[in-house]
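For reference, the structure is listed below as structure tokens.
All chains are named by letter (A, B, ...) in the order of the sequence lines, taking the proteins before the strands, and each is independently numbered beginning at 1.
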Amino acid sequence: MKSFITLIIFFCVNLCFAQDKDSLTLKDLEIPNSPGFILLDQAPTSIERPNSVKAFTVGAFNSFGESNGFPKNYAIEITPFWFFKHGKNMSALKYIGIQNGKLTTALKTVSLSVAYVNKDDTLTNKPINNIAFGARTNLLKLYTSKQRKDIYDAYFRTVNHLKYVDSTLNAEGATVALKVIKPDEYKAIETRVLNLIAKKDSVSSIKKAVNLRPLIALDFAIAYNTVFFNNDFSTNRFGRFGTWLTLNYSQSLDKEDNEKNNYLNLYVVGRYLSDGTKKNNQDKYEIQNFFDIGGKFEFEFKKLSFGYEYISRANKEIKTHRSTGLIKYKVQDNLYITGAFGKNFGSTNNLVSLLGVNWGFSTGNEKLSKK
Amino acid sequence: MKRVYDTGLVDNNQLSTAVNVITAGAAYSAVYLLRSGGQFNLIDESTSQRNNPNPEKPANGDILTLPIGLASKVRKSYIVVRTLINMSHLDDDLRKREVELIRIDYSFSGGFSDNQVYNFDNDDITVSPDYKMVSITKPVEMI
């Protein structure tokens, strides 16, 4: 119940901030999916591809079972691409990822994250503090020939429109001569024309094409976790290390075009995991290595998505699995409610029951370096 | 802000310019020659055609090396480059950030100033309130 109260608080805060576009806005509330949460098996889903790139994201979630109503698990994620100068060859087509330069695409989507997961030890009831560092990126995006054509067409429509804007500026009196002779007058006309044009829907036609899901996407992630006991730094020890690839196939469910953005998403994941969180018979922590292999299907509609995932985790001695269902509902543009229920890896303490929110905020003012 | 390029004392210096637009937005550039009397004409533009047969005309707002004439012909005139950028394919929170990351190199060569690269100044850029549309106009005086 307290989790729901937390959600309502976030919702209200979001609405308050939404009143002023120039102030800090909370965006895209979703369950955090940073690699750190996935490594610790604390994410609602273990198979997920990155959402649209955000410059800076903060995530928080809580499980139904935790008595504390305020989230105990947090993550921050940044995408360095948005904090540093672009390379000399950066262009819109390269940014979209359909022009040559796969390395550029991968570097562009690299995100770095830190996740903090706070649990209580079941024996001593003292806190176990997990900190996980993660990185992920998209390695490959394959579009159908029709999708590529649609994106190229939309791009060149946009460039043609810019050419039209140039003509419009001249026609409205914002000529290059005025820029030199009376720059203030030039600026006034230019501002008026740009403001009018920016309000027209035709300006945004490229967005629809760019938002098309690629037919196939391949993502890479890596994460490292260290553990502290009872808030004591000296207890620092290795927790987990994992690296994984996620292959995603997206099939549009819309007959005519992709405007409704209904998809069937199929995922396959392969993961190497080094786990140092289990004790052996001598009551000492030992490292066990596992391989995960699994899949997920997901129906994605305009406001609702739901899916099911199954992952097998095994080494020579141990075999376990995770089996969970996930549902996500979009309440409004920047408010999502997400829930997950099922069985986690292991034979004890393996209930997955999560409800969470996540918000990414970027006012454009956060900086790591000066331009 | 107006910048100055010294064409030199030699009248038959062949001057040229190039524009390199660095942005994740969709861009278009037009290069104008502005005469001292106020007349101006478009001397080149980046392409807006998908099936562009001329590899010298990229579609990202760039202008590759463009001869602009002999020093004697362009002296006392301006080269003005207007670049228009559409950011609407970026999410709301990324557009403002991307506007701050736009970089344009205006290169000039062939004159007394030799190879000179200019960037745009704060008073050269105009941005719509939603950061979807950007216009950058850079005048460079040829002396």
Side-chain angles (χ1 to χ4, degrees), chain A residues 25 27 52-56 82-96 108 152-153 155-156 158-163 165-166 169 174-177 179-181 183 186-187 190-191 193-195 197-199 203-207 209-211 360-366 371, chain B residues 1-2 20-30 32 34 38-40 42 45-50 58-62 78 80-86 88-103 105 123-124 126-135 137 139 141:
Chain A
T25 56
K27 290 185 182 298
S52 59
V53 176
K54 297 285 178 196
F56 183 65
W82 295 106
F83 290 92
F84 298 103
K85 286 179 182 176
H86 303 326
K88 277 204 171 255
N89 294 323
M90 176 50 61
S91 68
L93 288 174
K94 279 193 176 166
Y95 171 77
I96 294 163
K108 176 196 78 189
Y152 270 114
D153 287 350
Y155 176 78
F156 281 95
T158 301
V159 175
N160 264 301
H161 184 258
L162 292 173
K163 185 178 179 179
V165 175
D166 186 64
L169 284 167
T175 63
V176 292
K179 165 71 180 175
V180 172
I181 299 162
Y186 175 86
K187 186 98 174 171
E190 192 182 37
T191 303
V193 171
L194 284 192
N195 291 356
I197 287 173
K199 287 175 185 166
V203 168
S204 302
S205 64
I206 189 174
K207 188 175 178 71
V210 169
N211 283 343
F361 56 87
S362 171
T363 63
N365 295 324
E366 304 86 15
K371 185 182 168 187
Chain B
M1 184 184 291
K2 189 171 66 182
N20 182 25
V21 181
I22 302 161
T23 178
Y28 164 84
S29 295
Y32 292 89
L34 171 64
Q39 299 135 323
F40 61 92
L42 178 70
E45 59 183 342
S46 59
T47 192
S48 54
Q49 304 302 315
R50 180 176 177 182
N60 58 353
D62 284 2
Y78 286 84
V80 186
V81 182
R82 179 153 62 200
T83 300
L84 293 154
I85 302 172
N86 183 321
S88 62
H89 58 292
L90 302 176
D91 286 353
D92 296 357
D93 56 329
L94 298 179
R95 287 199 292 267
K96 184 178 179 185
R97 185 173 296 280
E98 181 56 27
V99 167
E100 293 177 355
L101 292 173
I102 294 171
R103 207 167 87 237
D105 293 338
D123 58 351
D124 296 327
T126 302
V127 185
S128 65
D130 56 8
Y131 298 94
K132 284 184 179 175
M133 292 292 299
V134 180
S135 175
T137 311
E141 186 178 9

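- For the pair B:Arg97/A:Phe83, a side-chain contact is recorded, criterion being any heavy-atom separation below 4.5 Å from C-beta on.
- Here the closest non-hydrogen pair linking B:Ile22 and A:Gly87 is CG2-O, 3.1 Å.
- Heavy atoms closer than 4.5 Å to chain A are found in the backbone of B:Val134, but not in its side chain.
- Heavy-atom distances place both the backbone and the side chain of B:Ala26 under 4.5 Å from chain A.
- By number of non-hydrogen pairs under 4.5 angstrom with chain B, the leading residue of A:Val176, A:Leu162, A:Thr191, A:Val165 is A:Leu162.
- No other option in B:Thr126, B:Val21, B:Val80 has as many heavy-atom pairs under 4.5 Å with chain A as B:Thr126.
- The structure places OG of B:Ser29 at 13.0 Å from NZ of A:Lys163, a figure rounded to the nearest 0.5 Å.
- Looking at B:Asn20, the atoms closer than 4.5 Å to chain A (heavy atoms on both sides) all sit in the side chain, from C-beta outward.
- How far OG of B:Ser135 is from CD of A:Glu190: 3.5 Å, rounded to the nearest 0.5 Å.
- Contact between A:Ala177 and B:Gly38 at its shortest, heavy atoms only, is CB-O, 3.7 Å.
- Under 3.5 Å, the side chains of B:Tyr32 and A:Asp166 contain a donor-acceptor pair of N or O atoms.
- The distance from the CG atom of B:Leu101 to the CE atom of A:Met90 is 10.0 Å, given to the nearest 0.5 Å.
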For B:Asp105 and A:Lys88, run side chain to side chain contact (heavy atoms under 4.5 Å, CB included): C-alpha distance rounded to whole Å, both residues' side-chain angles, the deciding distance at 0.1 Å, then the answer. CA-CA 10 Å; B:Asp105 293 338; A:Lys88 277 204 171 255; 2.7 Å; yes
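- Contact count versus chain B (heavy atoms, under 4.5 Å) is highest, among A:Lys199, A:His161, A:Lys179, for A:Lys179.
- Distance CH2/A:Trp82 to CG/B:Leu90: 4.5 Å, rounded to 0.5 Å.
- Ranked by heavy-atom pairs under 4.5 Å with chain B, the list A:Ile181, A:Val159, A:Val193 is led by A:Val159.
- Nearest heavy-atom pair, B:His89 versus A:Ala92, reported as atom, atom and distance to 0.1 Å: NE2-CB, 4.2 Å.
- Note that CD of B:Gln39 and OG1 of A:Thr175 are 12.0 Å apart. Values are rounded to the nearest 0.5 Å.
- The existence of a salt bridge linking B:Asp124 and A:Lys187 is excluded, since no basic side-chain nitrogen approaches an acidic carboxylate oxygen closer than 4.0 Å.
- Looking at B:Asp130 and A:Asn195, their side chains never come closer than 4.5 Å, going by heavy atoms from C-beta outward.
- Atom NE2 of A:His86 sits about 3.5 Å away from atom CD of B:Glu98, to the nearest 0.5 Å.
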Can B:Asn86 and A:Lys207 be said to form a side chain to side chain contact (heavy atoms under 4.5 Å, CB included), step by step? CA-CA 10 Å; B:Asn86 183 321; A:Lys207 188 175 178 71; over 6 Å; no
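- Contact count versus chain A (heavy atoms, under 4.5 Å) is highest, among B:Asn60, B:Leu34, B:Thr23, for B:Thr23.
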